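Note that the structure is predicted; figures quoted are calculated from it, not measured.
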Amino acid sequence: MAAARRRDGGTCVWCGVAFDERTRPTREHVIPRVKGGPSWLENEVEACRRCNGERGHRALVEWLEECERRGWTPDVGRLERVLVALQAAIRERGGQRKARPQLEGQLRRLRKRAA
């Protein structure tokens with residue numbers, strides 16, 4: 001998780017809360033493991049325990065929209081960067097057949113929202 005913190009800063013990707021002694025980060029898989037997401041740095045961000053637990057196995061864009069409905073400001077740029085890095089890592093390393101359609105679909109939906 002230290003590598004994710006150096007890469008992303010010290011805030012929850014979903015609600016933006018800053019991590020400190022009372023609010024500890026958890027490892028959040030952008031493409032959930034149950035949907036084929038690997039436990040690679042390219043698929044991990046830091047999230048607060050509340051957001052990580054409430055998201056569960058929901059798709060990235062579905063949970064992103066729920067966060068916005070709640071008035072939070074998810075870090076969409078960070079999420080897109082992580083998805084792009086994961087896409088490149090899968091191309092380089094291979095495998096991850098189950099994760100590929102999830103990744104492509106979520107990246108497409110995320111970019112469509114921005115357009």
Is there a side-chain contact between [X] and [Y] in this structure, where contact means two heavy atoms from C-beta onward sitting under 4.5 Å apart?
| X | Y | value |
| --- | --- | --- |
| Leu60 | Arg109 | no |
| Arg78 | Thr11 | yes |
| Leu83 | Ile31 | yes |
| Glu66 | Glu54 | no |

What residues, two or more places apart in sequence or in another chain, satisfy side-chain contact (heavy atoms from CB on, under 4.5 Å) together with Val17? Cys12, Cys15, Thr23, Cys48
Can you tell me how far apart CG (Leu41) and CZ (Arg27) are? Round to the nearest 0.5 Å. 9.5 Å
From Gln106 atom CD to Glu62 atom CD, the distance as rounded to the nearest 0.5 Å: 8.5 Å
Exam field: side chain Arg55 to backbone Leu64, donor-acceptor pair closer than 3.5 Å: no
Does Asn43 reach the main-chain N or O of Leu86 with its side chain, forming a donor-acceptor pair under 3.5 Å? no
Non-hydrogen atoms of [X] and [Y] that approach each other most closely:
| X | Y | value |
| --- | --- | --- |
| Glu46 | Gly9 | OE1-O, 3.6 Å |
| Thr26 | Arg49 | CG2-CA, 3.9 Å |
| Cys51 | Trp63 | O-CZ2, 3.8 Å |
| Gly36 | Ala99 | O-CB, 3.1 Å |
| Val61 | Leu110 | CG2-N, 3.9 Å |
| Ile90 | Gly95 | CG2-O, 3.8 Å |

Is the CZ atom of Arg97 crowded by more than 12 outside heavy atoms at less than 6.0 Å? no
Exactly one candidate in Arg58, Arg113, Arg70 meets salt bridge (charged side-chain N to carboxylate O under 4.0 Å, His left out) with Glu65; the answer is Arg113
Qualifying salt bridge (Lys or Arg N to Asp or Glu O under 4.0 Å) pairs, either residue in residues 30-42, two or more places apart: Glu42-Arg93
Under the criterion side chain to side chain donor-acceptor pair (under 3.5 Å), I'd like the reasoning laid out for Gln96 against Trp40: C-alpha separation, chi angles, the key distance, then a yes or no. CA-CA 11 Å; Gln96 307 305 318; Trp40 299 346; 5.9 Å; no
